[in-house]
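Convention: sequence-line order gives letters A, B, ...; per-chain numbering from 1.
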Amino acid sequence: MRPERYDFAAAEPKWREIWEERQAFACGDPQKPKYYVLEMFPYPSGRIHVGHVRNYSMGDVIARYKRAKGFDVLHPMGWDAFGLPAENAAQQSGSHPATWTYANIASMRTQLKSMGLSLDWSREIATCDPAYYKHQQKLFLDFLVHGLVDRKQSKVNWDPVDQTVLANEQVVDGRGWRSGALVEQRELTQWFLRIGKYADDLLASLDTLERWPEKVRLMQRNWIGRSEGLLVRFALAGDPAGEIEVFTTRPDTLFGAKFVALAPDHPLARKAASSDPALAAFAEECRHIGTSVAAIETAEKKGYDTGLKVVHPFDPSWTLPVYVANFILMDYGTGAIFGCPAHDQRDLDFSRAYGLGATPVVCPEGVDPSTLVIGETAFDGEGRLVNSRFLDGLTVAEAKEEAAKRLETAQLHGRPQGERKINYKLRDWGISRQRYWGCPIPIIHCPDCGVVPVPDADLPVKLPEDVSFDRPGNPLDHHPTWKHVACPKCGAAARRETDTMDTFVDSSWYYARFADPHNAAAPADPEQLARWLPVDQYIGGIEHAILHLLYSRFFSRAMRDSGHGGHGGVAEPFAGLFTQGMVVHETYRAASGKWIAPTELRFETSETGRRAFLIETGEEAEIGSIEKMSKSKRNTVDPDDIIASYGADTARLFVLSDSPPDRDVVWTEEGVQGASRFVHRVWRLTGELANVSAPLGASAPAEFGAAALDIRKATHRAIAAVGDTIERLRFNTAIARIREFANELTSALDKIETTPVDADLAFAFREAAETLALLIAPMTPHVAEECWRDLGHAEPIVATPWPVADAALVAQETIVLPVQVNGKKRAEIVVAHDASEAVIREEALSQEGVVRAMEGKPLKKFILVPKRIVNVVV
RNA sequence: GCGGGCGUGGCGGAAUUGGUAGACGCAGCGGACUCAAAAUCCGCCAUCCUCACGGAUAUGUCGGUUCGACUCCGACCGCCCGCACCA
């Protein structure tokens, strides 16, 4: 006998055990087509948050659905386990980063398991495991051999007090976030991965990624930032050999040039600064802004006149002043620009600050050039050239071409004065980090041999365990012995590279490692890579739209080109990408301004609205805006609490319901209760259906009455709709369709007149009950298994195929057609699905509402959109 | 600064991708069951006019294309996200 109420606390762990015993989620049936579903692996911060619950629930729906559809599904989990928080924890609490990280992994693993995810835990990896990073070091060395690694100087934000490099986000108003010290820019010699080598391929291949969101592709396109332009060399006035090379995409506007500007770190700017203390001070001031593009570009435009002049390339008698300016980036182009204030907003802002003027040289069509005045806004649109001598009258495109041609043939210092150049915003990827908790860069610096790779036999270069974090700087550098080694080439005393790799490197190839996670000899066996890659569906946050995804795309190419196997013949690691939204929550504040956690509050709903009171004191708290969950605002909810009070199925159902998966979802207690109600309702409904259902395995009767046929139609329409919405990753609508189906079954039960019911109805009820369990299983797997077993099945749902919709039952033989008059709906008609236009026309025009709306006016046009709508135009 | 996204009832959202705007849920209101409450079940629920039938207005704002626009185009307003050492 069934209990009164669904006991999730007993049922959920029971089913998880059964799945585990059966190893239901291990892959490896080569007869089946493969399907690789991957969610971005978590950083082991210690606790999972609701965002994880949402991310992994989505992936799990796909994994369970695809498994039921007959695919050999790879659905693994691992840990992005290197990174700064472990070192911060070590500084604050004294626990070793490894201890801290592995303890966090253990508790998060337990939490994830309590969600009932269909993961293959035998493939678990952690990036901080030497068994993982050993291969990463090997990849780095192979990249080095294949010319994909570079070593060069680069600027960093340096905190002189903490003796550490700062991330851009750690620079607040030009000061270090902890020390408050003025941030300096320092040049460090760093390792780079030459992602730029693949810029064109990375850009062009975006077009092949049809199952990626268009916005992510666009963001990557802009990030790569391919632009065609011209390198133009300006002669320095009064210096026979001197010149400044600028990159421009607008050579057409050269006659509007008012100045040339250099980045503060431009070699010429440095040279000028060496004899001009005021300039040196200005350059130093610029360096305090930090290295982030956002900070540099939003800072007020400032410059310093070097006193130097350059000669205009088209007129030897025309000179332009040379400024050093704070908005010119040394990393882009040549670190120097010519400024045309009339047609570039930044140049205009700068020109207005220093009184350099603005001569318009492009005039929009239909505007009289003599009336053309540049006010506060630069004009960057199309038009024809004016005030530009030989370019006058040309279009922008023609003028670009003409200017380029002339400069290519002109000579300066024995070389062409202009050169066409394709420039990319994409910079090579600096991976050196002056930190302990990361993958050591396997390089030895020998005073005689220079840079020497660590021999394969000595990999992995392991992190030393006995490190301290009690003084500023890199613990690897401070370690008494670790960095001292003999040169592998000459045996002389040498020094290890003490920088570790950016953690983005760790996450750039983990998807490939999952294909063969325990391979000791190689990152992964090429055959396994060919079997599993690319990832069919990748799911994660939009915040990774650019860097992580671009770096992974680089790695798949670099691995292919350095002998680590193609990814099944394709360069792209992720065939399908889905970016899910955040989970957000209301915020609460006490009168004191202190943030209050939702668990500390009691809520009251009255006619005047919702109010919140502190449980402890009764004091009223202000209900604030809905924001991203964060510890500082204390508006987080703990998945453990939810799972303990409502069960994993409820938590999963809630994060999938209501909001479309790519949008933010607001976490509300009411919503969770609604999800919980539905979980219990499905269970009760199944019990009621079971009471009137045919026995397990009963064959279909020859004929069905109207009532039974209606139920079967609802069942098969639900199968079709739910399958379709899951395929389209519209989980919220999939759940709405299941709820609709449940509503239909509830009213069908209400209509039963006599029991026991006839055989046709009994068959339809069994089919419906089984379908309900099968359809909801990807979202709420535990309760689905419980219902399935209550319907008499010995084998669990995880071993049961997805139901197949009967097309004959899904098809409608009559359809409802709305009838519009002049675009406004006035009536509905019911017609056979194959009714002729003449029949429909007669039926439509005879409707009372239609006749009234036509007001006796003559029919002008009769529009019939088959199976959609009728529009009568009068 | 540059780039990207979003905007529909009291709330989250749906709309077969140019064809009935508001599916499904949350909240609310009314009812059944109960000694009572909880749970559950049934019904109502965009706004305005109308007893009702019915009608008018509605998808951030303004304009355009179309027989027909939440959907396409243009301008504007508001909010959110990313910008290379956070992961």
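Within the shown strands, B/G1 is the pairing partner of B/C83 under the Watson-Crick or G-U definition, both distances less than 3.5 Å. Pairing for B/A37 is absent, with no Watson-Crick or G-U wobble pair whose two atom distances lie under 3.5 Å. Applying the Watson-Crick and G-U wobble criteria (two distances, each under 3.5 Å), B/G68 pairs with nothing in any strand. B/G30 and B/C42 make up a base pair, with Watson-Crick or G-U wobble contacts both under 3.5 Å. In this structure, B/C6 forms a base pair with B/G78, meeting either the Watson-Crick or the G-U wobble geometry with both donor-acceptor distances under 3.5 Å. With a cut-off of 3.5 Å on both Watson-Crick or G-U wobble distances, the partner of B/G63 is given as B/C73.
Note on A/Lys155: nothing from the nucleic acid sits closer than 4.0 angstrom, heavy atoms only. Within 4.0 Å of A/Gly671, counting heavy atoms only, lies no atom of the nucleic acid at all. Across all strands shown, A/Trp223 has heavy atoms under 4.0 Å from base atoms, whether or not it also approaches the sugar-phosphate. Nucleic acid contact for A/Ile863: base, since at least one base atom lies under 4.0 Å from a heavy atom of the residue. Heavy atoms of A/Pro42 sit nowhere under 4.0 angstrom from any nucleic acid atom. Across all strands, A/Asp80 comes closer than 4.0 Å only to sugar-phosphate atoms, never to a base (heavy-atom distances).
Look at the P atom in both B/U66 and B/C79: the space between them is 35 Å, to the nearest Å. Look at the C1' atom in both B/A27 and B/A46: the space between them is 15 Å, to the nearest Å. For the C1' atom pair drawn from B/G22 and B/G12, the interatomic distance equals 13 Å after rounding to whole Å. Across B/A15 and B/G68, the matching C1' atoms stand 16 Å from one another, rounded to whole Å. B/U20 and B/A69: their P atoms are spaced 11 Å apart (whole Å).
Using a distance-only test at 3.5 Å, with no hydrogens or angles considered, no donor-acceptor pair links the side chain of A/Glu39 to the main chain of A/Ile539. Panel note: side chain A/Asn871, backbone A/Gly823; a donor-acceptor pair is recorded below 3.5 Å.
Going from atom CG of A/Asn104 over to atom CH2 of A/Trp100 covers 4.5 Å, rounded to the nearest 0.5 Å.
You'll find a donor-acceptor pair under 3.5 Å spanning the side chain of A/Gln190 and the base of B/C85, going by distance alone. Looking at A/Arg435, its side chain comes within 3.5 Å of the base of B/C85 through a donor and an acceptor atom.
Within the 4.0 Å cut-off from OP1 or OP2 of B/A15, at least one side-chain nitrogen or oxygen of A/Arg730 is found. Close to B/G55, at under 4.0 Å from its OP1 or OP2, lies a side-chain N or O of A/Arg852. Contact between the side-chain N/O atoms of A/Asn88 and the OP1/OP2 oxygens of B/C86 is not found at any separation under 4.0 Å. Distances shorter than 4.0 Å separate some side-chain N or O of A/Asn732 from OP1 or OP2 on B/A14. Close to B/C41, at under 4.0 Å from its OP1 or OP2, lies a side-chain N or O of A/Arg684. Put simply, A/Arg737 has no side-chain N or O that comes within less than 4.0 Å of OP1 or OP2 on B/C24. A sub-4.0 Å separation between OP1 or OP2 of B/U57 and a side-chain N or O of A/Lys824 is present. Taking only side-chain nitrogens and oxygens, A/Arg826 never comes nearer than 4.0 Å to OP1 or OP2 of B/U20. Between A/Ser657 and B/G25 there is no side-chain polar atom (N or O) within less than 4.0 angstrom of OP1 or OP2. The phosphate of B/G18 has neither OP1 nor OP2 within less than 4.0 Å of any side-chain N or O from A/Arg868.
One interatomic measurement links the two molecules: CG of A/Leu653 to C1' of B/C24, which rounds to 12 Å at whole-angstrom precision. A/Leu656 has its CG atom 17 Å from the P atom of B/G25, to the nearest Å. Protein atom CZ of A/Arg427 is 11 Å distant from nucleotide atom C1' of B/C85, rounded to whole Å. Per the geometry, CD1 belonging to A/Ile546 stands 8 Å off P belonging to B/C83, to the nearest Å. Rounded to whole Å, atom C1' of B/C85 lies 13 Å from atom CD1 of A/Ile441. The interatomic distance linking A/Met779 (CE) with B/G25 (C1') rounds to 15 Å, in whole Å. Going from atom CG of A/Leu749 over to atom C1' of B/U40 covers 15 Å, rounded to whole Å. Rounded to whole Å, the distance from CZ on A/Arg217 to P on B/G4 is 15 Å.
Set against B/A21, B/G25, B/A87, the side chain of A/Gln820 has B/A21 as its closest nucleotide. The side chain of A/Tyr43 lies closest to B/A87, out of B/C24, B/A87, B/U17. The side chain of A/Ser659 lies closest to B/G12 when the candidates are B/A14, B/G25, B/G12.
An anti orientation is assigned to B/U66, its glycosidic angle lying beyond 90° of 0. Taking 90° from 0 as the syn/anti boundary, the base of B/G10 is oriented anti.
Nucleotides of RNA chain B nearest to A/Lys301 and A/Gly823 differ in position, and the one nearer the 5' end is that of A/Lys301.
A donor and an acceptor atom, one from each side chain of A/Glu497 and A/Trp191, are located under 3.5 Å apart.
Note on ring orientation: taking the six-membered ring where Trp is involved, the planes of A/Phe504 and A/His548 are parallel (angle under 30°, cut-offs 30° and 60°).
Both tests do not hold together for A/Lys301 against A/Phe350: distance to the six-membered ring centre under 6.0 Å, angle to the ring axis within 45°.
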Practice task
Carefully, step by step, assess A/Asp428 and A/Lys152 under the rule salt bridge (charged side-chain N to carboxylate O under 4.0 Å, His left out).
Solution key: CA-CA 10 Å; A/Asp428 279 339; A/Lys152 60 186 179 189; 3.7 Å; yes
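For the pair A/Glu688 and A/Arg684, the salt-bridge criterion is not met [side-chain N within less than 4.0 Å of a carboxylate O].
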